[in-house]
Structures are given as structure tokens and as C-alpha cells.
Student: 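Following this message is one structure expressed as C-alpha cells.
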Amino acid sequence: MSHFVIVGAGQAGSSLVVKLRELGFDGQITLIGDETAPPYQRPPLSKAYLLGDMPRDRLFLRPESFYAERDITLRTGAAVTAIDPAAKTLQLGDDTIAFDQLALTTGSIPRLLPEAIGGRLEGVHCVRTLADVDRMEPEFRPGRHVLIVGGGYIGLEAAAVAAKQGLKVTLVEMADRILQRVAAPETSAFFRDLHAAHGVTIREGTGLTRLLGDARVTGAELSDGSTLNVDFAIVGAGILPDTRLAEASGLTCDNGIAVDAHGQTSAPGIWAAGDCASFPHQGRHTGDRLRLESVPNAIDMAECVAANMLGAAKDYVPEPWFWSDQYDMKLQIAGLNTGYDRVVIRHVEDARSHWYYAGDTLLAVDAMNDPRGFMVAKRLLAAGKSPDPDAIADPATELKTLLR
């Protein structure tokens with residue numbers, strides 16, 4: 001009987017094993033995760049769960065019993081320490097496990113502050129795992145002062161939760177503006193204003209020199225020479241693909257575990273999917289390698305890899321989309337804005353969207369409380385259609401007419 005092993009029990013790993021069973025694979029499946037919890041959703045961690053609006057068991061993608069009912073062996077709290085691609089074995093504690101095919105869905109790890117500048121002080125947190133959020137939750141008490149380091153989506157979501165719970169919030173971003181790496185100045189300005197309206201102090205173009213304190217953080221020295229007294233800090237400085245196991249096993253890595261269009265790594269019979277994997281991009285930037293950090297990519301790529309582990313030989317062609325919730329504002333993003341040279345703003349009542357163009361070609365959309373704009377944009381991008389920018393900017397335009 002064939003044995004398929006999946007290392008990494010997050011969204012991608014869970015999706016992959018479920019898809020294997022749905023496609024009729026009746027061999028042995030083992031899903032291994034180094035966290036003690038069964039596979040769970042990560043996006044609500046920094047939003048509904050941290051706010052107390054979602055209980056722990058609702059985070060779980062499926063009840064733990066689900067895996068046993070489908071004859072999937074789920075091993076949690078277990079770290080794989082080595083893989084031998086030639087022998088097709090892996091080391092799990094004292095156990096050596098043989099596999100016929102292996103998939104790496106190891107996800108990503110947060111960028112941490114160096115110990116030399118106070119990154120290991122007590123009261124310094126990151127937002128990545130359930131354990132991370134459980135550790136920081138007691139810090140969220142009204143009147144306390146939190147420093148957020150990093151103005152990406154994770155940092156802004158953490159700032160929104162803290163502000164809603166009555167904390168004093170200061171966010172520092174070393175770049176010239178928040179969201180600089182992922183969004184246009186127009187989107188940055190929108191979210192800057194949103195946070196300012198909720199009392200968050202955002203300091204752009206300002207880096208962290210060091211955190212202050214002996215055993216526990218008590219303050220921060222910033223790059224402009226100023227200092228702050230703070231009660232705790234949250235680091236939202238981005239994530240890195242978790243390639244540690246792949247690199248130690250001799251697999252090729254290039255901005256993640258490098259896979260081909262089918263999701264296979266440089267070693268036969270070993271696959272990768274999700275945040276940890278980079279793949280050939282089949283879109284406008286053919287020849288580039290792309291790595292996507294999103295739930296939809298984790299699900300779609302994992303399901304494609306599951307089919308290919310069973311011989312489908314199917315190319316993975318993503319349709320990227322993302323989201324972020326801050327206060328009562330839902331941001332939905334369709335497409336990739338890389339290479340844009342123009343942003344068209346559409347504003348109809350409380351709905352606002354920013355449409356990214358390269359010449360006459362639509363690349364992506366940031367939709368703020370505009371689900372209709374997001375869905376139309378997603379369908380336009382999937383169809384390869386680029387509507388007239390003037391029609392987009394005109395609030396009188398009925399967006400669904402652009403799909404004809």
C-alpha cells in the first residue's frame with residue numbers, strides 16, 4: 001500500500017490530504033504538524049480570535065475526529081528533523097518513516113527582531129501561530145500602550161484590534177509609507193486615514209533602533225532619536241518561507257521551495273505547496289517565479305498538487321486574491337499589481353476601489369467595503385478583460401455591464 005506523507009499541518013496540508021481522499025486515493029496518509037493543535041485558520045488569529053469574538057474550537061478547519069474518520073493519521077506536536085530524498089525516509093523524533101511520496105506544506109515563519117536590539121525581551125510578540133496569540137492576549141488591556149513594528153497588513157490588523165480594545169497604539173514603519181511593498185499610495189493613504197480616525201499614531205519613515213528594558217520591554221528608541229514608553233510590542237515585519245527542512249535535505253530553493261508547474265520539487269516524488277513554495281508564473285510575467293502568501297493559494301495549490309501526486313500532470317495557474325479586515329472595513333484584493341503605472345479610483349457611496357493598470361491592461365483591484373467591485377474585478381481578471389479606465393472611474397457605470 002502506498003504511503004503519502006505531508007509535512008506541515010496548516011491550511012495547505014489539511015487541504016491536500018482531504019483532496020487526496022476526495023480523489024479516491026485509498027493508501028496510507030500521514031499528516032505531520034509541529035504545533036499541538038489540529039490544522040486551523042490563521043487569518044482570524046489577528047482579528048476575531050484576538051478580539052474574543054471567535055472561540056478556539058471554531059478556528060479548527062475540521063474537527064480532529066474528521067481525520068481519523070477518513071483514515072488519515074494526524075500527528076501533532078511532532079517536528080520532522082531530517083529527510084532522505086534518495087531513501088525516501090524522514091526522521092520524526094526517534095522514528096524513521098518511509099514514504100512513497102512526500103509533500104512539504106511547511107508554510108512560513110515570521111521575521112523576528114534581533115536579540116541585540118531587544119527582540120527576545122519579555123513582552124515582545126509576533127502574530128503567526130495560535131500559541132503566539134494566546135501568549136499576547138493578556139497584554140490587550142485598555143489604557144496600555146502597544147508599539148507595533150511594521151506597517152503591513154499584519155501590523156495594521158493588530159493595530160486595529162488594539163485600538164478597538166481601548167489601547168494606546170503607536171505604529172512605526174521604516175519605509176516612506178505603510179503598505180509600500182504591496183499597495184499604491186492611494187491605498188496607503190486610505191488606511192492611514194482610517195487608523196488615524198481610530199486614534200492610532202502612525203509614524204512612517206521611522207525605524208526601530210532598539211527596544212528598551214532589562215528582562216521585559218519598557219520602551220523603544222526610534223531612528224529619529226525619539227523614545228517611547230510602552231507596555232508591550234508586536235512585531236509585524238513580514239514572513240519568510242519555511243525552507244529550513246527543504247534546504248537541509250538538498251532541495252532547490254529560490255524564494256521558497258522551488259517547484260515546477262505541477263508542484264514537484266527538484267527531488268522526484270517530493271512536492272511542495274502553499275506559502276513555502278515558489279512556482280513558475282504563467283501570467284504576464286512569464287519566466288518569473290512567484291510565491292503567494294494567502295489562504296486561497298494554499299488551498300488551490302495544495303489541491304492541484306494532490307491531483308498531481310495521483311498522476312494528473314496538471315499545471316498550477318493561480319488566480320490570486322487576498323483580504324484584510326480592519327475595524328469595520330473589509331479590504332479585498334484581486335490580482336497582482338506588479339508593474340502598474342496607473343491607479344484608477346472608483347468611489348460610489350461608502351464603497352471605494354483602486355484599479356491598477358499597466359497601460360490599458362487591468363492588473364489588480366483593491367476594494368474597500370466594495371464586494372461588488374471585487375467580484376467583478378475577479379471575473380474580469382480571470383477572463384483576461386480590461387475595461388475602459390474612464391468607465392471604471394465613472395460612478396454611474398454599472399460594473400456588471402463590463403462583464404459582457
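Along the sequence shown, residues are numbered consecutively beginning with 1.
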Student: Side chains of T96 and Q91: any donor to acceptor distance under 3.5 Å?
Tutor: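 Yes, T96 and Q91 have a side-chain donor paired with an acceptor closer than 3.5 Å.
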
Student: Can you confirm whether or not the ring centre of F322 sits under 6.0 Å from the ring centre of Y153?
Tutor: no

Student: Would you say the side-chain atoms of H347 pair up with the backbone N or O of E349, donor to acceptor, closer than 3.5 Å?
Tutor: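 Such a contact is found between H347 side chain and E349 backbone.
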
Student: Is R203 salt-bridged to E173, going by a charged N under 4.0 Å from an acidic O?
Tutor: no

Student: Below 6.0 angstrom between ring centroids: does that apply to F4 and F25?
Tutor: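 When the ring centroids of F4 and F25 are compared, they turn out to be within the sub-6.0 Å range.
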
Student: Does R144 reach the main-chain N or O of V230 with its side chain, forming a donor-acceptor pair under 3.5 Å?
Tutor: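 Checking the backbone N and O of V230 against the side chain of R144, no donor-acceptor pair under 3.5 Å is found.
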
Student: Kindly give the heavy-atom pair with the smallest separation between Y357 and L362, and that separation in Å.
Tutor: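 Shortest heavy-atom contact: CD2-N, 3.8 Å.
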
Student: My understanding is that only one of D275, N297, L61 makes a side chain to side chain contact (heavy atoms under 4.5 Å, CB included) with Q11; could you say which?
Tutor: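 By the side chain to side chain contact (heavy atoms under 4.5 Å, CB included) criterion, Q11 pairs with just one of D275, N297, L61: L61.
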
Student: Under 4.0 Å between a Lys/Arg side-chain N and an Asp/Glu carboxylate O for R128 and E35?
Tutor: no

Student: Can you give me the closest heavy-atom contact between A272 and I257, atom names plus distance?
Tutor: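 Shortest heavy-atom separation between A272 and I257 comes out as CB-CG2, 4.0 Å.
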
Student: Without hydrogens or angle criteria, can the side chains of E303 and S15 be said to hold a donor-acceptor pair below 3.5 Å?
Tutor: no

Student: Salt bridge or not for E115 and R210, using N-O below 4.0 Å?
Tutor: no

Student: Test F279 against every option in D260, D315, L292 by the side chain to side chain contact (heavy atoms under 4.5 Å, CB included) rule and name the one that passes.
Tutor: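 Only one of D260, D315, L292 forms a side chain to side chain contact (heavy atoms under 4.5 Å, CB included) with F279, namely L292.
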
Student: Quick one: does Q326's side chain have a donor or acceptor within less than 3.5 Å of a partner on A159's backbone?
Tutor: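 Side chain of Q326 to backbone of A159, a donor-acceptor pair under 3.5 Å: no, none is there.
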
Student: Under a 3.5 Å distance rule, please check whether N308 uses its side chain to pair with a backbone N or O of G311 as donor and acceptor.
Tutor: no

Student: Is it the case that the side chains of E204 and T206 hold a donor-acceptor pair, with the cut-off being a distance below 3.5 Å and no angle test?
Tutor: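 Side-chain D/A pair, T206 to E204: absent.
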
Student: Can a donor-acceptor pair be found, under 3.5 Å and without considering hydrogens, that links the side chain of R291 to the backbone of D254?
Tutor: no

Student: Any side-chain heavy atom of V5 within less than 4.5 Å of one from Q101?
Tutor: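 Answer no - side chains too far apart.
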
Student: For residues L147 and L211, determine if any side-chain heavy atom of one lies less than 4.5 Å from a side-chain heavy atom of the other.
Tutor: yes

Student: Flag the pair K47 and D325 as a salt bridge only when some basic side-chain nitrogen lies within less than 4.0 angstrom of an acidic carboxylate oxygen.
Tutor: no

Student: Step by step, work out the side chain to side chain contact (heavy atoms under 4.5 Å, CB included) result for R62 and S14.
Tutor: CA-CA 9 Å; R62 296 166 179 88; S14 178; 2.8 Å; yes

Student: Going by distance alone, is a donor N or O of one side chain under 3.5 Å from an acceptor N or O of the other, for R346 and S353?
Tutor: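 Checked: R346/S353 side chains show no N/O donor-acceptor pair below 3.5 Å.
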
Student: I'd like to know if the side chain of D95 reaches the main chain of I97, judged simply by a donor and an acceptor atom lying under 3.5 Å from each other, with no hydrogens or angles considered.
Tutor: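 Absent.
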
Student: Determine whether a donor-acceptor pair (N or O, by modelled atom type, separation under 3.5 Å) exists between the side chain of R120 and the backbone of L113.
Tutor: yes

Student: Begin from the C-alpha positions of L90 and T81 and carry the test side chain to side chain contact (heavy atoms under 4.5 Å, CB included) through to its verdict.
Tutor: CA-CA 8 Å; L90 58 80; T81 54; over 6 Å; no

Student: Taking all non-hydrogen atoms of both residues into account, name the closest pair between H354 and I345 and its distance.
Tutor: CD2-CG1, 3.8 Å

Student: What closest approach, in Å, do I29 and H3 show between heavy atoms, and which atom pair accounts for it?
Tutor: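 Heavy-atom minimum between the residues: N-CD2, 4.4 Å.
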
Student: Evaluate whether atom CG of D214 has more than 12 neighbouring non-hydrogen atoms of other residues, nucleotides or ligands under 6.0 angstrom away.
Tutor: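 No, not enclosed.
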
Student: Counting only heavy atoms not in D341, do more than 12 sit closer than 6.0 Å to its CG atom?
Tutor: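 Counting neighbours around CG of D341, more than 12 heavy atoms of other residues, nucleotides or ligands fall under 6.0 Å, so yes.
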
Student: Can any side-chain N or O of E221 pair as donor or acceptor with the backbone N or O of S226 at less than 3.5 Å?
Tutor: no

Student: Answer yes or no: is there a side-chain heavy-atom contact under 4.5 Å between V200 and L194?
Tutor: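 No, every pair of side-chain atoms sits at 4.5 Å or beyond.
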
Student: Can you see whether Y49 engages D134 through a side-chain donor-acceptor pair at a distance of less than 3.5 angstrom?
Tutor: yes

Student: Please confirm whether the backbone N or O of T252 pairs with a side-chain atom of S266, one donor and one acceptor, at under 3.5 Å?
Tutor: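 Yes.
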
Student: Answer with yes or no after comparing the ring centroid distance for H198 and Y327 against a 6.0 Å cut-off, counting only values under it.
Tutor: yes

Student: Any chance you could lay out the side chain to side chain contact (heavy atoms under 4.5 Å, CB included) test for T170 and L228, step after step, and finish with the verdict?
Tutor: CA-CA 9 Å; T170 300; L228 298 173; 3.8 Å; yes

Student: Testing the basics here: between G8 and T105, what is the closest heavy-atom pair and its distance to 0.1 Å?
Tutor: O-OG1, 2.7 Å

Student: Should L74 and E64 count as side-chain neighbours, where that means a heavy-atom distance under 4.5 Å?
Tutor: yes

Student: Does either side chain, that of Y340 or that of R342, offer a donor lying less than 3.5 Å from an acceptor on the other one?
Tutor: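 No pair is found: no donor N or O on one side chain lies under 3.5 Å from an acceptor on the other.
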
Student: Do V80 and L245 have side chains that approach each other closer than 4.5 Å (heavy atoms only, starting at C-beta)?
Tutor: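 The answer is yes; the side chains approach within 4.5 Å.
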
Student: Apply side chain to side chain contact (heavy atoms under 4.5 Å, CB included) to the pair V133 and R135, showing each step before the final yes or no.
Tutor: CA-CA 5 Å; V133 176; R135 272 192 297 271; over 6 Å; no

Student: Is it true that the side chains of Q28 and T73 contain a donor and an acceptor less than 3.5 Å apart?
Tutor: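 Note: Q28 and T73 side chains miss the donor-acceptor criterion.
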
Student: Is D242 paired with R244 through a side-chain N to carboxylate O contact shorter than 4.0 Å?
Tutor: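 Looking at D242 together with R244, the answer is yes, because their closest N to O distance falls below 4.0 Å.
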
Student: Decide whether T187 and D366 meet the rule of one side-chain donor and one side-chain acceptor closer than 3.5 Å.
Tutor: yes

Student: Is the shortest side-chain N to carboxylate O distance from D26 to R21 below 4.0 Å?
Tutor: no

Student: Between N337 and V182 (side chain of the first, backbone of the second, donor and acceptor by atom type, cut-off under 3.5 Å), is there such a pair?
Tutor: yes

Student: Can you name the nearest heavy-atom pair linking L92 to R75, along with the distance?
Tutor: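 Answer, listing the atom of L92 first, then R75: CD2-CZ, 3.4 Å.
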
Student: Any chance the rings of F232 and H145 have centres within less than 6.0 Å?
Tutor: no

Student: So do L121 and R216 actually touch side chain to side chain, heavy atoms under 4.5 Å?
Tutor: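 Counting from C-beta outward, R216 and L121 never come under 4.5 Å.
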
